[in-house]
Every structure is written in C-alpha cells, then in structure tokens.
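Computation of the quantities below employed the complete heavy-atom set of this structure, encompassing side-chain atoms and omitting hydrogens, waters and symmetry-equivalent molecules. The structure presented is a predicted model; accordingly, all values stated were derived computationally and were not measured.
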There are 2 protein chains.
Amino acid sequence: MAAKNSGARSKRTRRTSERPPPVQEPPLSRERIVTTAVELLDAQGIEGLTMRRLADRLGAGVMSLYWHVDKKEDVFDLALDAVLDYRASPPGNEPQDWRGEAIHMLEDWRASMLRHPWSASLLPRRVLGPNILSRLERLSQILSRAGVADTNLNAAIWSLWNYVMGATITRASFDVSDDDRAAAQQRLTRLSERYPTIERSRLLLDDDWNGAFRKGLGFLLDGLSPK
Amino acid sequence: MAAKNSGARSKRTRRTSERPPPVQEPPLSRERIVTTAVELLDAQGIEGLTMRRLADRLGAGVMSLYWHVDKKEDVFDLALDAVLDYRASPPGNEPQDWRGEAIHMLEDWRASMLRHPWSASLLPRRVLGPNILSRLERLSQILSRAGVADTNLNAAIWSLWNYVMGATITRASFDVSDDDRAAAQQRLTRLSERYPTIERSRLLLDDDWNGAFRKGLGFLLDGLSPK
DNA sequence: TATCGTATAGTACTTTGTACGAGTCAATCC
DNA sequence: GGATTGACTCGTACAAAGTACTATACGATA
C-alpha cells in the first residue's frame, strides 16, 4: 500500500529483447494515464471518463490503472492540474507594466481552462497542484512589484483568484448552449414584472464573454491599484 | 411523458377518510422531495444523496420519486435554488448607502451557500432558478441606483457574480480540513525556492476568510464606483 | 536457482440510476 | 351505479460503474 504509487516511477527497461506481438502499447505510466484521460475528457466530457473506457484507450486492463493511481478521483485531480500547466502557455510578448502582465496571465489562466471545459466542473475540490501554485506565485510577484501593500497582498491574490475562478466556471456552465440562454431570457421577459431591470439590460443575452471578463478584471485591478 | 411532472401539482384531497395505518407520511410532492434532499445533503454531503436513501427518508419507494422529478440531476438543481431563497434571508437593518447594501446582499449570498457547503460543488451547472434571478435583479437595481453607467452595468453585475461564486467555491473547497491547508503550506515551505513569495506571505495559512472576502469585495466595489 | 519487487489483469461483488409494467385510488362520464 | 381515466405509487430487474481480491508474469538481485 505504502509501496505503491508515489512520486516518480516507471523507469522501465523492459522490451530490450523483442516480444512476439511487437506492435504494442508502451507500458503504462502515470503520465500516459493523465494524457489519455485529458483526451478522453475532451472527447466525452466529464461523464464520459470511466475507468473502463480509460483502460480501453490505453490498451490495458482496468485494474492495471490502479497500480499507478489510488482512486478515480486522483485521475481527475491530475487531469486538472495538467490543464493548468503554465509553461505550456505561449509566452507571448508580455507587456512590461504590471497591469498588462496581470491581465495577460489571468486571461491565459481562464483560456487554458476554457479550452477544456470539463476542467471548470472539477474546480470545487481542494486542488493545489504544482501548476496552480506556480501561477499563484507568479501573481503574487506581479502584485508585489506593483506596490500592493503587504497587508493587502493575500487579499488581493485571493480576490483575483476568486474572480478568475468564478468567471471561468460561469462561462463554462453557460457554454452548453446559446439556445438555453435565449430561453432563459424569454422566460425572463415573460416574468418581466418580477425582474424588470435585468430584463431591460438583457443581461442574459450579452454574449461578449471575453469583453465582460476583461472589463470586470479592469474594475478589480482599478480597485487594487495602490493609490 | 409530457403529462408527467411540470409546474405546480399535488393538490391532493386523499386521506379524507381514515386508512388502516393512520400514522403515515404525507403524500409525496416536489416540495417534500426538495426539502428532504437538502436535509440529506446537509447530513451526508453530495455523495450521500442517492435516490434510494432519499426515498427511504421520505418513506416512499424509489421509483415514486420519478413521478415528480425527471432525473436525479433535477433534484440537485432544485436543491441548489432552494438554498438560495432570498426571502428566507433575514432582512436585517439594511444600510441606506448603495455600497453597504451591496455588501450586505453579497455577503448573505455567500453565507447562504456556505451554510450548505455541498451547494458550491453544484455550481458548475447552468442554473438560473427564480431565486438566483431575483438576487441578480436586486444587484442590478443597487448598482443602477448607485450610478453605474448603463454601458458598464452588465459587466459590473457579472464581475460581482464571478467574485462571489469564486469565493464561495474556493472557501467551500478548502473547508474540508484545516490540516490539509497546513500540509499544503508545509509542502510549500519544502519547495520554498520555487514559490518564495507566496510562501513568505503564508498565503495558505491565512484563515480569516470572511475578512478576506470583504476586503476583496471592497477592492472590486472601489473599482466599480462611478468616478 | 530461489526470491522479491514491479506491474498487469481477470473475476466478482456492491452500489448506483432508472426503464418497465403492474397496481391503487379518486374523480369523471355514461 | 359501473366503467373509464388519469394521477400517483412501487417492486422487479437490468446495465453501468468503482474497485477489492487474487493470480500471474517477468526482470533483477542474492
């Protein structure tokens, strides 16, 4: 139990001499499992990931997965952190001012997750994988350099985190279909005496998500800027 | 199929004349199902809600539930909106300034959900139940009265929504155990060369969640205030 | 050669959501 | 009144899923 999966593994030297069926999958490994899990999640969504299907894709037996992973939950955790790999994001020509840097980094954060919409539904779990941590570290540095007071630093970090997570989850939830949104707005119009203000502003029909995200982020950064 | 559950139901006049076992549960209804589901969720968490257990608590057969509800998912949707009932929140003596009003209402929003931590993990689904809508309506009115420009109104609403949702989900995720947070911070200390800044600020040990929420909300409202 | 650690799988058990169809009872219609 | 209908309940059954248990294979080490 203690001996099983933990840390780096899968230094393997097998297959030095040929085996009868030479056309064979490479050996299982935590990395292969995670990569395939992400593929499967992209293809079939969160309900589509079952241990059996995952094993099939890997050309392995179901129970073999459990050598590398404790529970199905672990697969989800690993997949989520994998999606958030910051180094995988193109560096771009980052602006020099802290504001631009923060915007760039937070928009990339959101975009990375929206590229894999299932990842948002995994958020409500305690995740502090290495990739998330380095993003937080990065953010902290930017704000620190920007002159945010030390006493405000943690609150500032969390507020940006909250904003980004909330925006991502919301966007991903509404991603399912534009029709639904239209339907909701219609329902709203029918009840316009109960919800007059948001009906008038067509809150639910506004589909410039990216613009709204950036605008709101702007509000928050304005509030955060040292005066 | 079309005839089944839709809209108001369960006007029932049975049991006017006594039945042999007079000590009997009241008839099933969507409302009873939702109420009991919330109780069960409070007691056993999100994994604890199974249709069988729910039926047991109701003193009913499993399949009877399906007359009032299409799928298990519906139970979740209904439970989530039930928790967000705004009228159920104590009115309190609301301050007159728009800022205080907004803070009051948004803190109540978060608190209502944290009273039922499972509700946060239900968020990543498309929910626009009546209770959520009235909260959005309320928020819109407050901001509108505060003088937020019409062109900014929707973005302002969504940014507050994002902030509150993100904060709630985050808080609920970390609710599980303080030990985990300490463990994470330790892991972080071990890797302090990789995450020096957030290690130094003890980002993960800060446990004044309410204060941080209010502070961050302050930042955002500052940024939103018409200049 | 015997042993051990790593790794793979088959089988089987349990828990779940829910389809199907039969049943009950009150209200309605002839 | 008797038949019909529609609202509602529930037992049975099935398929899909997570995973415990166990047997097996193989390379490296003693």
Side-chain angles (χ1 to χ4, degrees), chain A residues 1-21 24-33 36-37 40-41 44-77, chain B residues 1-22 24-33 36-37 40-41 44-77 79:
Chain A
M1 181 198 273
K4 254 181 63 181
N5 49 325
S6 39
R9 164 139 4 171
S10 77
K11 196 73 56 60
R12 219 82 60 74
T13 22
R14 241 202 290 167
R15 309 258 174 269
T16 33
S17 54
E18 277 69 21
R19 281 271 149 292
Q24 197 152 355
E25 309 279 349
L28 277 181
S29 72
R30 212 184 254 244
E31 292 75 37
R32 266 193 80 216
I33 292 181
T36 312
L40 188 52
L41 284 163
Q44 312 231 32
I46 208 156
E47 302 288 337
L49 177 65
T50 73
M51 295 306 264
R52 282 171 232 262
R53 262 201 279 269
L54 184 52
D56 270 3
R57 274 209 179 209
L58 286 160
V62 198
M63 292 317 290
S64 309
L65 301 179
Y66 285 89
W67 180 260
H68 304 269
V69 146
D70 256 2
K71 319 184 291 305
K72 187 189 181 187
E73 279 221 328
D74 293 355
V75 179
F76 282 131
D77 286 345
Chain B
M1 181 198 273
K4 254 182 62 181
N5 49 326
S6 38
R9 163 126 15 143
S10 75
K11 199 70 57 61
R12 219 86 59 74
T13 22
R14 243 204 287 169
R15 309 259 174 269
T16 33
S17 54
E18 277 68 21
R19 278 273 151 290
Q24 197 151 356
E25 309 278 350
L28 275 181
S29 72
R30 213 184 254 241
E31 293 77 37
R32 265 193 80 216
I33 292 181
T36 311
L40 188 51
L41 284 163
Q44 313 232 30
I46 208 155
E47 302 287 339
L49 177 65
T50 72
M51 295 306 263
R52 281 172 233 262
R53 264 200 278 269
L54 184 53
D56 270 5
R57 274 207 178 211
L58 287 161
V62 198
M63 290 317 288
S64 309
L65 302 178
Y66 285 89
W67 179 258
H68 305 271
V69 146
D70 257 0
K71 318 186 292 303
K72 185 189 181 187
E73 279 220 329
D74 293 355
V75 179
F76 283 131
D77 286 346

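The distance from atom CG of B:Leu65 to atom P of D:dG11 is 12 Å, rounded to the nearest whole Å. For B:Glu47 and C:dG17, the CD to P distance is 10 Å, given to the nearest whole Å. As a whole-Å value, the separation of A:Glu73 CD from D:dA17 P is 17 Å. Rounded to whole Å, the distance from CG on B:Leu54 to P on C:dT16 is 13 Å. Put simply, CD1 on B:Ile33 is 15 Å from C1' on C:dG17, counting in whole angstrom units. Put simply, CE on B:Met51 is 16 Å from C1' on D:dG11, counting in whole angstrom units. C:dT16 atom C1' lies 8 Å from atom NZ of B:Lys72, rounded to whole Å. Remark: P of C:dT16 and CD of B:Gln44 are 10 Å apart, rounded to the nearest angstrom.
A:Ser64 has a side-chain polar atom (N or O) that falls below the 4.0 Å cut-off from OP1 or OP2 of C:dA9. Phosphate proximity of D:dA17 to A:Arg53: present, with a side-chain N or O under 4.0 Å from OP1 or OP2. For the OP1/OP2 pair of D:dA7 and a distance below 4.0 Å, the side-chain nitrogens and oxygens of B:His68 include no atom meeting the criterion.
If you take CG on A:Leu49 and OG1 on A:Thr36, they are separated by 10.5 Å, rounding to the nearest 0.5 Å. From B:Lys71, atom NZ reaches atom CG of B:Leu65 across 14.5 Å, with rounding to the nearest 0.5 Å. Distance check, rounded to the nearest 0.5 Å: NZ of B:Lys72 to CG of B:Leu54 gives 9.5 Å. Taking CZ from B:Phe76 and CG from B:Leu41, the interatomic distance works out to 6.0 Å, rounded to the nearest 0.5 Å. Taken to the nearest 0.5 Å, the OG1 atom of B:Thr50 stands 8.5 Å off from the CD atom of B:Gln44. A distance of 11.5 Å separates CG in B:Asp70 from CG in B:Asp77, rounded to the nearest 0.5 Å.
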Which protein N or O atoms sit under 3.5 Å from an N or O of nucleotides 12-15 of chain D?
none

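The side chain of A:Tyr66 lies closest to D:dT19, out of C:dT18, D:dT19, C:dT16.
Shown here are the salt bridge (Lys or Arg N to Asp or Glu O under 4.0 Å) partners of A:Arg53, two or more places apart in sequence or in another chain: there are none.
Using a 4.0 Å heavy-atom criterion, one finds that A:Ala60 contacts the sugar-phosphate atoms exclusively.
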